[in-house]
Amino acid sequence: MTIAPFIDNDETSTVTSVAADEVRTRTIADLADDAGFLNSRVWLHHQDAAQLHGETTQLHTGTLRELLRTRSGELAAEPLVELLAMLADEGFAWRDVARLVGVSVPALRKWRQGEAATGENRLKVASLVALCEVLRDKALQSDPASWLELPMLEDVPVTGLDLYAANRIDLLFRRALHFDADPETILDEFDPSWRSTYRGAFEVFEAEDGLPGIRLRDSDG
Amino acid sequence: MTVYPHAPLALVALEVRFPPLAEPYDSAGLRRALKAKLPIPETATHETVTFGGPAPLIERREFPRLMSRDRTTALVITDEALVLETTTYDGYEEHRKLIEEAVTAAAQIVKPDGITRVGMRYIDEIRVPGVAEAPGDWSGWIVDGLLVPLAPDLHVGTESFKPTSWQGTATYDVGPGAAVKLRYGPQVGNAVPPQGSTRRKAAPDPGLFFLLDSDGAWTPEDEVPEFTPEAILVACDLVHEPLSALFKAVGTPRLINDVFNDAGGQP
């Protein structure tokens with residue numbers, strides 16, 4: 001419930017700040033207005049790259065998801081061949097693109113040669129392009145494709161591509177924005193059994209002949 | 001406690017502020033706890049659009065809102081405040097029961113770490129038949145103490161100056177950590193929109209009215225107390241008493257008899 005302004009604010013400006021008692025019991029509408037004003041004021045004050053870097057870590061992942069959704073819709077209007085060329089320029093392997101879009105590599109090859117795709121698949125390709133834009137612009141990842149291929153932990157082969165493929169954009173953005181985000185916490189949310197899966201009693205190693213072998217993990221595992 | 005038939009009360013709001021929550025609360029549990037009185041869930045969304053980067057940045061904040069079926073009562077709990085507001089008021093004793101129910105649910109489910117402020121605000125739109133042209137001649141209806149800007153002896157030279165608009169504020173200390181702030185004066189339209197997020201039943205037509213915006217608040221002076229229903233209700237009682245007394249002192253007996261009781265009253 002918004003309370004109509006009691007005072008007509010047509011008043012002479014002053015250089016000296018005039019103290020105003022802003023402490024009042026707020027209504028529901030006041031709560032929303034205060035939050036929006038505070039956010040707007042904070043963002044308008046921050047313009048340089050260093051401050052933007054710090055502030056991107058404070059972005060709510062929901063905000064990035066909204067950006068991703070909006071930008072995906074815009075990019076979906078672009079020719080599919082051009083969208084795929086953008087992904088190639090980003091450095092994606094076609095097998096990864098095929099996996100993330102949910103099609104075969106041959107199907108992807110046909111699209112690259114000009115064949116049409118369904119609207120749903122076009123949007124998926126556009127979403128991947130949009131993801132790179134958002135990661136680069138808002139999460140300061142200069143090479144999004146390479147970053148997405150990085151494993152969460154050295155001995156755990158779960159990557160950002162896996163998070164994206166599983167539609168866990170929330171975890172992906174958390175990892176991207178919050179540089180102090182604990183990878184194990186993110187893995188716990190992604191796959192609670194990851195420890196037994198990737199850090200079980202056995203481990204894969206490269207044997208003397210160059211081929212992979214399996215052995216019991218040692219106690220320092 | 002007097003409840004006048006034609007009360008000028010437009011809105012009552014309770015706000016309890018607390019330290020920012022460390023994590024989201026169980027909104028589904030809150031909804032279950034208050035289903036009897038506030039069964040209608042909604043979401044209040046506020047978007048902030050920020051320009052300055054390569055693309056507009058849209059930030060959306062959502063607040064769960066629980067409403068009564070007739071949409072005249074609403075509760076919102078954010079990560080730093082609880083607000084309970086209503087446009088239907090059957091006297092403080094009845095309203096206190098709703099407050100108790102809301103803050104008890106909040107204590108059990110939201111579990112704030114303390115209380116940093118308790119405020120109660122009453123918004124009255126006093127309309128008097130025949131007083132329709134701004135700023136209005138309220139003498140005889142509102143006590144003279146609130147009509148100072150219209151004092152007839154305000155002269156400059158031979159001219160008698162009358163304001164075209166005016167307002168007043170007064171703050172009263174009413175106890176340890178407690179104060180009441182009164183904003184008053186003529187206004188045109190509605191102070192509280194009839195079809196806002198909290199609906200007003202039988203809202204008056206927009207026009208000239210005398211606003212009483214009474215805001216009583218208590219803030220802890222020493223340590224931050226625990227968030228308990230008992231502590232909140234004590235604070236509500238503490239500020240309600242002077243709010244009620246102030247309301248009764250503002251109107252003349254004529255206002256009460258001819259307007260409120262030809263109708264009604266308030267706290």
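Just so we're on the same page: letters track the sequence lines, and every chain starts at 1. Bear in mind that the values here come from a model prediction, so they are computed numbers and not experimental data.
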Atom CD1 in Ile77(B), atom CD1 in Ile28(A): separation rounded to 0.5 Å?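 One finds 10.5 Å between CD1 of Ile77(B) and CD1 of Ile28(A).
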Run Lys181(B) and Arg24(A) through side chain to side chain contact (heavy atoms under 4.5 Å, CB included) and show every step you take. CA-CA 8 Å; Lys181(B) 176 174 290 184; Arg24(A) 68 186 190 283; over 6 Å; no
Hey, is the main chain of Arg26(A) close enough, under 3.5 Å, to the side chain of Glu15(B) for a donor-acceptor pair?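 Between the backbone of Arg26(A) and the side chain of Glu15(B) there is a qualifying donor-acceptor contact (under 3.5 Å).
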Tell me which donor-acceptor pairs under 3.5 Å the side chains of residues 121-134 of chain A have, and how far apart each pair is, sequence neighbours excluded?
| unit_1 | atom_1 | unit_2 | atom_2 | d |
| --- | --- | --- | --- | --- |
| Asn121(A) | ND2 | Thr118(A) | OG1 | 3.3 |
| Arg122(A) | NH1 | Glu78(A) | O | 3.0 |
| Ser127(A) | OG | Ser72(A) | OG | 3.2 |
| Ser127(A) | OG | Leu123(A) | O | 2.8 |
| Glu133(A) | OE1 | Arg71(A) | NE | 2.6 |
| Glu133(A) | OE2 | Arg71(A) | NH2 | 3.3 |

Distance-minimising heavy-atom pair for Thr25(A) and Arg117(B):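 Looking at all heavy atoms of both residues, the shortest contact is OG1-NH1, 3.1 Å.
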Other residues, nucleotides, ligands: >12 heavy atoms within 6.0 Å of Arg96(B) CZ: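 More than 12 heavy atoms, drawn from other residues, nucleotides or ligands, come within 6.0 Å of this atom.
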Counting only heavy atoms not in Glu189(A), do more than 12 fall under 6.0 Å of its CD?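 Enclosed.
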Under 3.5 Å, which donor-acceptor pairs do the side chains of residues 143-151 of chain A form with other protein atoms, sequence neighbours left out?
| unit_1 | atom_1 | unit_2 | atom_2 | d |
| --- | --- | --- | --- | --- |
| Asp143(A) | OD1 | Ser146(A) | N | 3.4 |
| Asp143(A) | OD1 | Ser146(A) | OG | 3.4 |
| Asp143(A) | OD2 | Ser146(A) | OG | 2.7 |

